[in-house]
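Reviewing the structure listed below.
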2 protein chains.
Amino acid sequence: MQADQAGILDTQLTAQVVNHIRAKIEDGTLQPGDRIPPEREFAKMLKISRASLRTGIGYLAAMGVMKVRHGVGTFVSDGPPEIGKSSLGLLGALHGFKAWQMFEVRKLIETSLAALAAERGKEEHFTVLAEEVAEMYATIDDPAQYLIHDVRFHRTIAEASGNPILAALMETVSTALYDERRKTAERARDRKNSLEAHREIYRAIRGGHPTEARNAMERHLHSAESELAAEQSARVRKPRRERKAKQTVPA
Amino acid sequence: MQADQAGILDTQLTAQVVNHIRAKIEDGTLQPGDRIPPEREFAKMLKISRASLRTGIGYLAAMGVMKVRHGVGTFVSDGPPEIGKSSLGLLGALHGFKAWQMFEVRKLIETSLAALAAERGKEEHFTVLAEEVAEMYATIDDPAQYLIHDVRFHRTIAEASGNPILAALMETVSTALYDERRKTAERARDRKNSLEAHREIYRAIRGGHPTEARNAMERHLHSAESELAAEQSARVRKPRRERKAKQTVPA
DNA sequence: TGCCCGTGAGAGGTCGGACCACTTGAATCT
DNA sequence: AGATTCAAGTGGTCCGACCTCTCACGGGCA
(Lines give C-alpha, C1' and ligand atoms only; values in the text may rest on other atoms or scores of the structure.)
Protein backbone atom coordinates (compact mmCIF):
# COMPACT_ATOMS: atom_id res chain seq x y z
CA MET A 1 0.00 0.00 0.00
CA GLN A 2 2.92 2.32 0.30
CA ALA A 3 2.04 3.12 -3.21
CA ASP A 4 4.23 6.02 -4.00
CA GLN A 5 5.70 3.90 -6.74
CA ALA A 6 4.33 5.28 -9.96
CA GLY A 7 3.17 8.20 -7.92
CA ILE A 8 6.20 10.35 -8.55
CA LEU A 9 5.21 12.61 -5.77
CA ASP A 10 6.69 16.04 -5.94
CA THR A 11 9.43 15.57 -3.42
CA GLN A 12 10.58 13.76 -0.36
CA LEU A 13 8.92 16.04 2.11
CA THR A 14 5.55 16.23 0.45
CA ALA A 15 5.69 12.45 0.17
CA GLN A 16 6.39 12.32 3.87
CA VAL A 17 3.36 14.44 4.65
CA VAL A 18 1.16 12.45 2.31
CA ASN A 19 2.30 9.13 3.72
CA HIS A 20 1.88 10.32 7.25
CA ILE A 21 -1.71 11.28 6.63
CA ARG A 22 -2.29 8.25 4.45
CA ALA A 23 -1.21 6.01 7.28
CA LYS A 24 -3.51 7.78 9.70
CA ILE A 25 -6.39 7.33 7.32
CA GLU A 26 -5.68 3.72 6.59
CA ASP A 27 -5.52 2.69 10.22
CA GLY A 28 -8.60 4.69 11.05
CA THR A 29 -6.93 7.34 13.20
CA LEU A 30 -8.21 9.95 10.78
CA GLN A 31 -11.73 9.71 9.48
CA PRO A 32 -13.85 11.83 7.18
CA GLY A 33 -14.65 15.13 8.81
CA ASP A 34 -11.77 14.97 11.25
CA ARG A 35 -9.54 17.98 11.65
CA ILE A 36 -5.80 17.91 11.56
CA PRO A 37 -3.68 20.05 13.88
CA PRO A 38 -2.99 23.69 13.01
CA GLU A 39 -0.27 24.08 10.43
CA ARG A 40 2.24 25.60 12.79
CA GLU A 41 1.84 22.82 15.31
CA PHE A 42 1.68 20.03 12.79
CA ALA A 43 4.77 21.30 11.03
CA LYS A 44 6.64 21.24 14.29
CA MET A 45 5.48 17.70 14.98
CA LEU A 46 6.69 16.47 11.62
CA LYS A 47 9.87 18.47 12.02
CA ILE A 48 9.44 20.21 8.70
CA SER A 49 8.74 23.78 7.78
CA ARG A 50 5.26 25.09 7.49
CA ALA A 51 5.80 25.71 3.80
CA SER A 52 6.61 22.08 3.12
CA LEU A 53 3.68 20.93 5.17
CA ARG A 54 1.45 23.20 3.13
CA THR A 55 2.79 21.71 -0.07
CA GLY A 56 1.80 18.28 1.11
CA ILE A 57 -1.61 19.41 2.26
CA GLY A 58 -2.11 21.13 -1.07
CA TYR A 59 -1.38 17.88 -2.82
CA LEU A 60 -3.94 16.04 -0.74
CA ALA A 61 -6.45 18.81 -1.24
CA ALA A 62 -5.96 18.58 -4.98
CA MET A 63 -6.73 14.88 -4.81
CA GLY A 64 -9.90 15.61 -2.91
CA VAL A 65 -8.73 13.93 0.26
CA MET A 66 -8.45 17.05 2.36
CA LYS A 67 -10.50 20.21 2.58
CA VAL A 68 -8.95 23.47 3.68
CA ARG A 69 -11.13 26.18 5.18
CA HIS A 70 -9.53 29.56 5.59
CA GLY A 71 -9.67 30.79 9.15
CA VAL A 72 -11.14 27.54 10.39
CA GLY A 73 -8.84 24.60 9.86
CA THR A 74 -7.95 21.70 7.62
CA PHE A 75 -10.21 18.69 7.50
CA VAL A 76 -10.40 15.26 6.00
CA SER A 77 -12.92 15.40 3.21
CA ASP A 78 -16.29 14.11 4.31
CA GLY A 79 -18.47 14.47 1.25
CA PRO A 80 -18.91 11.94 -1.53
CA PRO A 81 -15.67 10.75 -3.14
CA GLU A 82 -14.34 12.63 -6.14
CA ILE A 83 -11.92 11.18 -8.64
CA GLY A 84 -10.17 13.76 -10.76
CA LYS A 85 -13.36 15.75 -10.94
CA SER A 86 -11.64 19.09 -11.35
CA SER A 87 -8.83 17.82 -13.53
CA LEU A 88 -10.67 16.15 -16.39
CA GLY A 89 -11.54 19.40 -18.07
CA LEU A 90 -7.97 20.60 -18.06
CA LEU A 91 -6.63 17.22 -19.08
CA GLY A 92 -9.11 17.24 -21.89
CA ALA A 93 -7.83 20.54 -23.20
CA LEU A 94 -4.28 19.29 -22.82
CA HIS A 95 -4.69 15.95 -24.54
CA GLY A 96 -7.36 16.96 -26.95
CA PHE A 97 -10.18 14.83 -25.67
CA LYS A 98 -13.19 15.02 -27.93
CA ALA A 99 -16.73 15.54 -26.76
CA TRP A 100 -17.84 12.28 -28.34
CA GLN A 101 -15.18 10.45 -26.37
CA MET A 102 -16.40 11.90 -23.13
CA PHE A 103 -19.92 11.06 -24.08
CA GLU A 104 -18.92 7.54 -24.93
CA VAL A 105 -17.54 7.13 -21.45
CA ARG A 106 -20.57 8.69 -19.91
CA LYS A 107 -22.89 6.37 -21.78
CA LEU A 108 -20.87 3.38 -20.76
CA ILE A 109 -20.87 4.33 -17.12
CA GLU A 110 -24.42 5.52 -16.81
CA THR A 111 -25.97 2.61 -18.61
CA SER A 112 -24.14 0.25 -16.29
CA LEU A 113 -25.16 2.35 -13.35
CA ALA A 114 -28.79 2.07 -14.38
CA ALA A 115 -28.52 -1.70 -14.73
CA LEU A 116 -26.87 -2.05 -11.36
CA ALA A 117 -29.45 0.22 -9.76
CA ALA A 118 -32.18 -2.03 -11.11
CA GLU A 119 -30.45 -4.99 -9.53
CA ARG A 120 -29.45 -3.54 -6.21
CA GLY A 121 -31.54 -0.44 -5.63
CA LYS A 122 -33.41 -0.15 -2.35
CA GLU A 123 -36.84 1.23 -1.73
CA GLU A 124 -35.39 4.47 -0.40
CA HIS A 125 -33.67 5.09 -3.71
CA PHE A 126 -36.80 4.38 -5.69
CA THR A 127 -38.66 6.85 -3.57
CA VAL A 128 -36.17 9.59 -4.26
CA LEU A 129 -36.19 8.80 -7.96
CA ALA A 130 -39.95 9.08 -8.04
CA GLU A 131 -39.79 12.40 -6.26
CA GLU A 132 -37.27 13.78 -8.67
CA VAL A 133 -39.34 12.75 -11.65
CA ALA A 134 -42.29 14.49 -10.08
CA GLU A 135 -40.23 17.61 -9.54
CA MET A 136 -39.15 17.53 -13.15
CA TYR A 137 -42.77 17.54 -14.17
CA ALA A 138 -43.36 20.51 -11.93
CA THR A 139 -40.41 22.49 -13.24
CA ILE A 140 -40.72 21.62 -16.88
CA ASP A 141 -40.87 25.33 -17.70
CA ASP A 142 -38.00 26.37 -15.48
CA PRO A 143 -34.74 25.21 -17.13
CA ALA A 144 -32.55 25.95 -14.14
CA GLN A 145 -34.76 24.12 -11.67
CA TYR A 146 -35.35 21.30 -14.09
CA LEU A 147 -31.64 20.77 -14.47
CA ILE A 148 -31.18 20.48 -10.73
CA HIS A 149 -33.64 17.63 -10.51
CA ASP A 150 -32.24 16.04 -13.62
CA VAL A 151 -28.82 15.94 -12.00
CA ARG A 152 -30.23 14.64 -8.74
CA PHE A 153 -32.05 11.88 -10.60
CA HIS A 154 -28.86 10.61 -12.17
CA ARG A 155 -26.97 11.01 -8.94
CA THR A 156 -29.51 8.93 -7.09
CA ILE A 157 -29.20 6.17 -9.65
CA ALA A 158 -25.46 6.25 -9.11
CA GLU A 159 -25.97 5.89 -5.40
CA ALA A 160 -28.44 3.08 -5.87
CA SER A 161 -25.90 1.16 -7.93
CA GLY A 162 -23.98 0.34 -4.80
CA ASN A 163 -20.66 1.14 -6.40
CA PRO A 164 -19.28 4.45 -5.15
CA ILE A 165 -16.29 4.30 -7.47
CA LEU A 166 -18.49 4.15 -10.53
CA ALA A 167 -20.64 6.89 -9.05
CA ALA A 168 -17.60 9.10 -8.59
CA LEU A 169 -16.48 8.48 -12.14
CA MET A 170 -19.89 9.42 -13.45
CA GLU A 171 -19.72 12.63 -11.48
CA THR A 172 -16.34 13.40 -12.95
CA VAL A 173 -17.35 12.83 -16.53
CA SER A 174 -20.68 14.60 -16.14
CA THR A 175 -19.02 17.64 -14.68
CA ALA A 176 -16.52 17.88 -17.49
CA LEU A 177 -19.26 17.44 -20.04
CA TYR A 178 -21.40 20.02 -18.33
CA ASP A 179 -18.60 22.55 -18.52
CA GLU A 180 -18.53 22.02 -22.26
CA ARG A 181 -22.17 22.72 -22.69
CA ARG A 182 -22.82 25.24 -19.97
CA LYS A 183 -23.43 27.95 -22.49
CA THR A 184 -26.08 26.11 -24.40
CA ALA A 185 -29.66 26.76 -23.50
CA GLU A 186 -31.84 23.72 -23.48
CA ARG A 187 -34.94 23.89 -25.54
CA ALA A 188 -38.31 23.21 -24.04
CA ARG A 189 -38.99 20.36 -26.43
CA ASP A 190 -35.79 18.67 -25.34
CA ARG A 191 -36.93 18.75 -21.76
CA LYS A 192 -40.18 17.18 -22.78
CA ASN A 193 -38.39 14.24 -24.36
CA SER A 194 -35.98 14.07 -21.48
CA LEU A 195 -38.79 13.83 -19.00
CA GLU A 196 -40.36 10.91 -20.77
CA ALA A 197 -37.02 9.17 -20.89
CA HIS A 198 -36.50 9.62 -17.20
CA ARG A 199 -39.87 8.13 -16.49
CA GLU A 200 -38.98 5.05 -18.48
CA ILE A 201 -35.69 4.69 -16.72
CA TYR A 202 -37.36 5.04 -13.37
CA ARG A 203 -39.92 2.39 -14.12
CA ALA A 204 -37.34 -0.09 -15.35
CA ILE A 205 -35.21 0.41 -12.27
CA ARG A 206 -38.06 0.21 -9.83
CA GLY A 207 -39.34 -2.86 -11.63
CA GLY A 208 -35.97 -4.50 -11.17
CA HIS A 209 -35.25 -4.91 -14.87
CA PRO A 210 -31.52 -4.32 -15.43
CA THR A 211 -31.56 -4.76 -19.19
CA GLU A 212 -34.52 -2.51 -19.69
CA ALA A 213 -32.99 0.08 -17.42
CA ARG A 214 -29.77 -0.09 -19.38
CA ASN A 215 -31.57 0.31 -22.68
CA ALA A 216 -33.72 3.15 -21.46
CA MET A 217 -30.67 4.98 -20.20
CA GLU A 218 -28.92 4.27 -23.46
CA ARG A 219 -31.77 5.81 -25.43
CA HIS A 220 -31.93 8.80 -23.14
CA LEU A 221 -28.24 9.58 -23.42
CA HIS A 222 -28.24 8.94 -27.12
CA SER A 223 -30.87 11.54 -27.77
CA ALA A 224 -29.22 13.90 -25.31
CA GLU A 225 -26.02 13.56 -27.28
CA SER A 226 -27.80 14.26 -30.53
CA GLU A 227 -29.37 17.37 -29.13
CA LEU A 228 -26.07 18.54 -27.77
CA ALA A 229 -24.34 17.92 -31.08
CA ALA A 230 -27.03 19.82 -32.93
CA GLU A 231 -26.62 22.79 -30.68
CA GLN A 232 -22.89 22.82 -30.88
CA SER A 233 -22.63 22.42 -34.61
CA ALA A 234 -24.29 25.79 -34.77
CA ARG A 235 -21.45 27.33 -32.88
CA VAL A 236 -18.08 28.54 -33.98
CA ARG A 237 -15.18 26.36 -33.11
CA LYS A 238 -11.86 27.86 -32.28
CA PRO A 239 -8.99 25.89 -33.83
CA ARG A 240 -5.95 24.90 -31.85
CA ARG A 241 -2.90 26.91 -32.67
CA GLU A 242 0.13 25.20 -34.11
CA ARG A 243 3.38 25.12 -32.25
CA LYS A 244 6.51 23.20 -33.03
CA ALA A 245 9.44 24.29 -30.90
CA LYS A 246 9.38 23.09 -27.35
CA GLN A 247 10.80 25.96 -25.46
CA THR A 248 10.02 28.38 -22.74
CA VAL A 249 6.84 30.20 -23.41
CA PRO A 250 6.52 33.87 -22.63
CA ALA A 251 3.96 34.52 -19.97
CA MET B 1 -11.89 31.03 -19.92
CA GLN B 2 -14.75 30.78 -17.50
CA ALA B 3 -14.49 31.09 -13.77
CA ASP B 4 -13.76 27.69 -12.39
CA GLN B 5 -16.99 25.87 -11.98
CA ALA B 6 -17.92 24.94 -8.47
CA GLY B 7 -14.15 24.74 -8.24
CA ILE B 8 -13.30 24.97 -4.62
CA LEU B 9 -9.76 25.81 -5.54
CA ASP B 10 -7.57 26.44 -2.56
CA THR B 11 -7.38 30.18 -2.79
CA GLN B 12 -7.47 33.20 -5.01
CA LEU B 13 -3.84 33.14 -5.97
CA THR B 14 -3.56 29.46 -6.72
CA ALA B 15 -6.70 29.88 -8.79
CA GLN B 16 -5.00 32.70 -10.62
CA VAL B 17 -2.01 30.54 -11.45
CA VAL B 18 -4.16 27.62 -12.49
CA ASN B 19 -6.34 29.78 -14.69
CA HIS B 20 -3.37 31.46 -16.27
CA ILE B 21 -1.89 28.16 -17.29
CA ARG B 22 -5.26 26.71 -18.13
CA ALA B 23 -5.85 29.54 -20.56
CA LYS B 24 -2.46 29.00 -22.17
CA ILE B 25 -3.21 25.34 -22.60
CA GLU B 26 -6.69 25.87 -23.94
CA ASP B 27 -5.61 28.30 -26.60
CA GLY B 28 -2.66 26.17 -27.56
CA THR B 29 0.08 28.47 -26.34
CA LEU B 30 1.24 25.72 -24.03
CA GLN B 31 1.42 22.19 -25.30
CA PRO B 32 2.62 18.89 -23.88
CA GLY B 33 6.34 18.97 -23.29
CA ASP B 34 6.61 22.73 -23.21
CA ARG B 35 8.50 24.33 -20.37
CA ILE B 36 7.25 27.21 -18.30
CA PRO B 37 9.56 30.00 -17.14
CA PRO B 38 11.70 29.56 -14.03
CA GLU B 39 9.75 30.07 -10.83
CA ARG B 40 11.46 33.29 -9.88
CA GLU B 41 10.77 34.86 -13.23
CA PHE B 42 7.29 33.53 -13.58
CA ALA B 43 6.37 34.71 -10.12
CA LYS B 44 7.53 38.19 -10.97
CA MET B 45 5.52 38.16 -14.18
CA LEU B 46 2.35 37.19 -12.36
CA LYS B 47 3.18 39.64 -9.61
CA ILE B 48 2.83 37.07 -6.90
CA SER B 49 5.32 35.51 -4.53
CA ARG B 50 7.26 32.46 -5.50
CA ALA B 51 5.55 30.52 -2.72
CA SER B 52 2.12 31.21 -4.12
CA LEU B 53 3.24 30.32 -7.58
CA ARG B 54 4.57 27.05 -6.28
CA THR B 55 1.25 26.31 -4.62
CA GLY B 56 -0.48 26.67 -7.95
CA ILE B 57 2.09 24.58 -9.77
CA GLY B 58 1.78 21.95 -7.09
CA TYR B 59 -1.93 21.82 -7.68
CA LEU B 60 -1.45 21.33 -11.39
CA ALA B 61 1.24 18.75 -10.77
CA ALA B 62 -1.11 16.83 -8.49
CA MET B 63 -3.68 16.77 -11.29
CA GLY B 64 -1.08 15.38 -13.64
CA VAL B 65 -1.05 18.44 -15.86
CA MET B 66 2.44 19.60 -15.00
CA LYS B 67 5.66 17.76 -14.31
CA VAL B 68 8.33 19.27 -12.09
CA ARG B 69 11.92 18.18 -12.48
CA HIS B 70 14.29 19.28 -9.77
CA GLY B 71 17.21 21.20 -11.14
CA VAL B 72 15.80 21.21 -14.63
CA GLY B 73 12.51 23.00 -14.89
CA THR B 74 8.76 22.67 -14.90
CA PHE B 75 7.04 21.19 -17.92
CA VAL B 76 3.60 20.51 -19.25
CA SER B 77 2.98 16.81 -18.93
CA ASP B 78 3.64 15.02 -22.20
CA GLY B 79 2.98 11.40 -21.42
CA PRO B 80 -0.35 9.61 -21.63
CA PRO B 81 -3.14 11.27 -19.67
CA GLU B 82 -3.73 10.20 -16.09
CA ILE B 83 -6.97 10.72 -14.24
CA GLY B 84 -6.66 10.48 -10.50
CA LYS B 85 -4.22 7.64 -10.89
CA SER B 86 -2.40 8.34 -7.67
CA SER B 87 -5.46 9.32 -5.70
CA LEU B 88 -7.72 6.32 -6.10
CA GLY B 89 -5.83 4.24 -3.59
CA LEU B 90 -6.01 6.91 -0.94
CA LEU B 91 -9.63 7.71 -1.70
CA GLY B 92 -10.35 4.02 -1.41
CA ALA B 93 -8.90 3.88 2.06
CA LEU B 94 -10.80 7.02 2.97
CA HIS B 95 -14.20 6.02 1.68
CA GLY B 96 -13.85 2.31 2.23
CA PHE B 97 -13.92 1.14 -1.36
CA LYS B 98 -14.04 -2.62 -1.58
CA ALA B 99 -11.90 -4.75 -3.85
CA TRP B 100 -14.95 -6.18 -5.56
CA GLN B 101 -16.14 -2.70 -6.37
CA MET B 102 -12.85 -1.83 -7.99
CA PHE B 103 -12.92 -5.07 -9.87
CA GLU B 104 -16.44 -4.40 -11.01
CA VAL B 105 -15.31 -1.12 -12.49
CA ARG B 106 -12.31 -2.73 -14.06
CA LYS B 107 -14.42 -5.40 -15.68
CA LEU B 108 -16.82 -2.84 -16.99
CA ILE B 109 -14.09 -0.71 -18.49
CA GLU B 110 -11.89 -3.43 -19.88
CA THR B 111 -14.67 -5.39 -21.49
CA SER B 112 -15.81 -2.25 -23.25
CA LEU B 113 -12.25 -1.48 -24.19
CA ALA B 114 -11.91 -4.91 -25.76
CA ALA B 115 -15.11 -4.47 -27.72
CA LEU B 116 -14.05 -1.05 -28.97
CA ALA B 117 -10.63 -2.35 -29.89
CA ALA B 118 -12.25 -5.03 -31.99
CA GLU B 119 -14.23 -2.36 -33.77
CA ARG B 120 -11.61 0.29 -34.21
CA GLY B 121 -8.23 -1.35 -33.77
CA LYS B 122 -5.64 -0.83 -36.50
CA GLU B 123 -3.17 -3.30 -37.86
CA GLU B 124 -0.37 -1.75 -35.84
CA HIS B 125 -2.23 -2.52 -32.65
CA PHE B 126 -2.89 -6.08 -33.66
CA THR B 127 0.79 -6.54 -34.36
CA VAL B 128 1.76 -5.35 -30.92
CA LEU B 129 -0.88 -7.53 -29.31
CA ALA B 130 0.47 -10.55 -31.16
CA GLU B 131 3.97 -9.74 -30.03
CA GLU B 132 2.95 -9.43 -26.44
CA VAL B 133 1.15 -12.74 -26.50
CA ALA B 134 4.28 -14.31 -27.95
CA GLU B 135 6.35 -12.72 -25.21
CA MET B 136 3.99 -14.09 -22.63
CA TYR B 137 4.57 -17.55 -24.02
CA ALA B 138 8.28 -17.00 -23.79
CA THR B 139 8.19 -15.74 -20.23
CA ILE B 140 5.62 -18.14 -18.85
CA ASP B 141 8.11 -19.19 -16.19
CA ASP B 142 9.24 -15.73 -15.24
CA PRO B 143 6.44 -14.07 -13.24
CA ALA B 144 7.96 -10.61 -13.28
CA GLN B 145 8.57 -10.57 -17.01
CA TYR B 146 5.24 -12.18 -17.70
CA LEU B 147 3.47 -9.47 -15.77
CA ILE B 148 5.13 -6.77 -17.83
CA HIS B 149 3.80 -8.19 -21.05
CA ASP B 150 0.44 -8.82 -19.49
CA VAL B 151 0.18 -5.16 -18.59
CA ARG B 152 1.38 -4.08 -22.03
CA PHE B 153 -1.21 -6.31 -23.65
CA HIS B 154 -4.05 -4.64 -21.80
CA ARG B 155 -2.56 -1.23 -22.37
CA THR B 156 -2.39 -1.82 -26.08
CA ILE B 157 -6.02 -2.81 -26.16
CA ALA B 158 -6.81 0.42 -24.38
CA GLU B 159 -4.91 2.37 -26.98
CA ALA B 160 -6.59 0.48 -29.80
CA SER B 161 -9.99 1.42 -28.41
CA GLY B 162 -9.51 4.94 -29.66
CA ASN B 163 -10.79 6.45 -26.45
CA PRO B 164 -7.97 7.91 -24.36
CA ILE B 165 -10.29 8.81 -21.52
CA LEU B 166 -11.38 5.25 -21.06
CA ALA B 167 -7.77 4.15 -21.38
CA ALA B 168 -6.75 6.54 -18.64
CA LEU B 169 -9.52 5.31 -16.38
CA MET B 170 -8.44 1.73 -16.92
CA GLU B 171 -4.94 2.69 -15.97
CA THR B 172 -6.20 4.33 -12.82
CA VAL B 173 -8.26 1.40 -11.67
CA SER B 174 -5.64 -1.15 -12.61
CA THR B 175 -2.99 0.68 -10.67
CA ALA B 176 -5.13 0.86 -7.57
CA LEU B 177 -5.99 -2.80 -7.89
CA TYR B 178 -2.39 -3.74 -8.46
CA ASP B 179 -1.39 -1.98 -5.27
CA GLU B 180 -3.82 -4.19 -3.41
CA ARG B 181 -2.37 -7.38 -4.74
CA ARG B 182 1.26 -6.52 -5.26
CA LYS B 183 2.29 -8.87 -2.52
CA THR B 184 0.54 -11.90 -3.91
CA ALA B 185 2.58 -14.28 -5.96
CA GLU B 186 0.86 -15.63 -8.99
CA ARG B 187 0.89 -19.33 -9.43
CA ALA B 188 2.23 -20.93 -12.58
CA ARG B 189 -1.07 -22.57 -13.36
CA ASP B 190 -2.80 -19.23 -13.21
CA ARG B 191 -0.44 -17.86 -15.81
CA LYS B 192 -1.21 -20.83 -17.99
CA ASN B 193 -4.90 -20.04 -17.91
CA SER B 194 -4.22 -16.38 -18.30
CA LEU B 195 -2.17 -16.99 -21.40
CA GLU B 196 -4.96 -18.93 -23.05
CA ALA B 197 -7.40 -16.20 -22.21
CA HIS B 198 -5.18 -13.56 -23.75
CA ARG B 199 -4.92 -15.56 -26.91
CA GLU B 200 -8.66 -15.73 -27.18
CA ILE B 201 -9.01 -12.03 -26.60
CA TYR B 202 -6.40 -11.32 -29.19
CA ARG B 203 -8.09 -13.45 -31.81
CA ALA B 204 -11.47 -11.91 -31.21
CA ILE B 205 -10.06 -8.42 -31.49
CA ARG B 206 -8.01 -9.10 -34.57
CA GLY B 207 -10.98 -10.81 -36.15
CA GLY B 208 -13.06 -7.72 -35.54
CA HIS B 209 -15.61 -9.40 -33.31
CA PRO B 210 -16.62 -6.91 -30.58
CA THR B 211 -19.00 -9.20 -28.76
CA GLU B 212 -16.58 -12.09 -28.69
CA ALA B 213 -13.82 -9.81 -27.54
CA ARG B 214 -16.01 -8.50 -24.78
CA ASN B 215 -16.95 -11.98 -23.66
CA ALA B 216 -13.42 -13.25 -23.78
CA MET B 217 -12.24 -10.32 -21.70
CA GLU B 218 -15.12 -10.88 -19.34
CA ARG B 219 -14.12 -14.49 -18.82
CA HIS B 220 -10.49 -13.56 -18.38
CA LEU B 221 -11.17 -10.98 -15.72
CA HIS B 222 -13.68 -13.17 -14.02
CA SER B 223 -11.21 -15.97 -13.52
CA ALA B 224 -8.53 -13.49 -12.56
CA GLU B 225 -10.83 -12.18 -9.87
CA SER B 226 -11.56 -15.65 -8.63
CA GLU B 227 -7.89 -16.49 -8.41
CA LEU B 228 -7.18 -13.28 -6.59
CA ALA B 229 -9.98 -13.93 -4.15
CA ALA B 230 -8.78 -17.47 -3.61
CA GLU B 231 -5.27 -16.31 -2.83
CA GLN B 232 -6.43 -13.66 -0.46
CA SER B 233 -8.84 -15.87 1.42
CA ALA B 234 -6.03 -18.38 1.80
CA ARG B 235 -4.13 -15.97 3.93
CA VAL B 236 -6.52 -15.77 6.81
CA ARG B 237 -5.30 -14.52 10.13
CA LYS B 238 -3.46 -11.83 8.24
CA PRO B 239 -6.08 -9.21 7.66
CA ARG B 240 -4.16 -5.99 7.33
CA ARG B 241 -0.56 -5.05 7.46
CA GLU B 242 0.17 -3.27 10.68
CA ARG B 243 1.62 0.10 9.95
CA LYS B 244 1.70 1.08 13.57
CA ALA B 245 5.44 1.17 13.26
CA LYS B 246 5.36 3.97 10.76
CA GLN B 247 3.25 5.98 13.12
CA THR B 248 6.48 7.07 14.69
CA VAL B 249 7.00 9.45 11.82
CA PRO B 250 10.28 9.03 10.03
CA ALA B 251 11.94 12.32 10.68
C1' DT C 1 -34.15 39.35 28.94
C1' DG C 2 -32.46 39.17 24.54
C1' DC C 3 -30.51 40.76 20.23
C1' DC C 4 -26.58 43.18 17.98
C1' DC C 5 -22.18 44.22 17.15
C1' DG C 6 -17.26 44.89 18.41
C1' DT C 7 -13.32 42.56 19.13
C1' DG C 8 -9.68 39.41 19.62
C1' DA C 9 -7.88 34.69 19.42
C1' DG C 10 -6.72 31.29 16.29
C1' DA C 11 -6.47 29.38 11.83
C1' DG C 12 -5.05 29.54 7.11
C1' DG C 13 -2.84 32.79 3.17
C1' DT C 14 0.96 35.54 1.37
C1' DC C 15 5.37 37.44 1.33
C1' DG C 16 10.44 37.96 0.46
C1' DG C 17 14.68 36.57 0.51
C1' DA C 18 18.38 33.37 2.28
C1' DC C 19 20.17 29.07 1.60
C1' DC C 20 20.20 23.94 0.09
C1' DA C 21 20.16 20.22 -3.57
C1' DC C 22 20.04 18.57 -8.07
C1' DT C 23 21.26 18.74 -13.32
C1' DT C 24 23.68 19.95 -16.87
C1' DG C 25 27.19 21.23 -19.69
C1' DA C 26 31.21 24.01 -20.36
C1' DA C 27 35.86 24.59 -18.86
C1' DT C 28 39.86 22.34 -17.26
C1' DC C 29 43.04 18.85 -16.21
C1' DT C 30 45.39 14.36 -17.40
C1' DA D 1 40.49 12.63 -26.57
C1' DG D 2 38.63 11.44 -22.37
C1' DA D 3 37.82 12.01 -17.61
C1' DT D 4 37.09 15.37 -14.04
C1' DT D 5 35.77 19.58 -11.95
C1' DC D 6 33.03 23.22 -11.25
C1' DA D 7 29.76 26.95 -11.83
C1' DA D 8 25.36 28.53 -13.50
C1' DG D 9 20.60 27.72 -13.45
C1' DT D 10 16.50 25.73 -11.48
C1' DG D 11 13.62 23.67 -8.21
C1' DG D 12 13.32 22.49 -2.77
C1' DT D 13 13.29 24.03 1.99
C1' DC D 14 13.30 27.11 5.64
C1' DC D 15 12.39 31.18 8.54
C1' DG D 16 9.75 34.57 10.47
C1' DA D 17 6.79 38.40 9.82
C1' DC D 18 2.43 40.05 8.50
C1' DC D 19 -2.42 39.76 6.20
C1' DT D 20 -7.09 37.91 6.03
C1' DC D 21 -10.83 35.22 7.33
C1' DT D 22 -14.01 32.85 10.96
C1' DC D 23 -16.03 32.35 14.90
C1' DA D 24 -17.20 32.79 19.55
C1' DC D 25 -17.17 35.53 23.59
C1' DG D 26 -19.12 39.23 25.92
C1' DG D 27 -20.45 44.02 26.72
C1' DG D 28 -23.83 47.50 25.28
C1' DC D 29 -28.24 48.76 24.00
C1' DA D 30 -33.33 48.16 23.22
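Convention: sequence-line order gives letters A, B, ...; per-chain numbering from 1.
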*What string of B, S and - do you get for nucleotides 14-23 of chain D, 5' to 3', when a contact is any protein heavy atom under 4.0 Å?*
BS-BB-BBSS
Roughly, in whole Å, what's the span from [atom1] in [X] to [atom2] in [N]?
X       : N      : atom1 : atom2 : value
A:Met66 : C:dA11 : CE    : C1'   : 14 Å
B:Leu46 : C:dC15 : CG    : C1'   : 15 Å
B:Arg35 : C:dT24 : CZ    : P     : 12 Å
A:Ile57 : D:dT13 : CD1   : P     : 14 Å
A:Glu41 : C:dA9  : CD    : C1'   : 14 Å
A:Ile36 : C:dG10 : CD1   : P     : 18 Å
A:Phe42 : C:dG12 : CZ    : P     : 11 Å

*Do any N or O atoms from the side chain of B:Asn19 and from the backbone of B:Ala15 form a donor-acceptor pair under 3.5 angstrom?*
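Flag set: sc B:Asn19 to bb B:Ala15 pair under 3.5 Å.
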*What is the nucleic acid contact for A:Thr74, judged by heavy atoms within less than 4.0 Å: base, sugar-phosphate only, or nothing?*
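Contact class for A:Thr74: sugar-phosphate only.
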*Any luck finding a side-chain donor-acceptor pair between B:Thr29 and B:Asp27 under 3.5 Å?*
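Their side chains do contain a donor-acceptor pair, which is all the 3.5 Å distance test asks for.
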*For C:dG12, does OP1 or OP2 lie under 4.0 Å from any side-chain N or O of A:Arg54?*
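For C:dG12, OP1/OP2 do not have a side-chain N/O of A:Arg54 under 4.0 Å.
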*Output yes when at least one side-chain N/O atom of A:Thr11 is less than 4.0 Å from OP1 or OP2 of D:dG11, else no.*
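So the side chain of A:Thr11 is outside the cut-off, no N or O lying under 4.0 Å from OP1 or OP2 of D:dG11.
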*side chain to side chain donor-acceptor pair (under 3.5 Å) involving B:Glu171 - partner list, sequence neighbours excluded*: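 Result, side chain to side chain donor-acceptor pair (under 3.5 Å) vs B:Glu171: B:Arg155.
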*Can you name the nearest heavy-atom pair linking A:Leu177 to A:Arg106, along with the distance?*
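The answer is CD2-CD, 3.7 Å.
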*Kindly indicate whether the side chain of A:Met45, heavy atoms from C-beta on, has any atom under 4.5 Å from the side chain of A:Pro37.*
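Touching, per the 4.5 Å side-chain cut-off.
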*Partner of B:Arg152 under side-chain hydrogen bond (donor to acceptor under 3.5 Å, both in side chains), chosen from B:Glu131, B:Glu132, B:Glu135*: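 Filter result, single survivor: B:Glu132.
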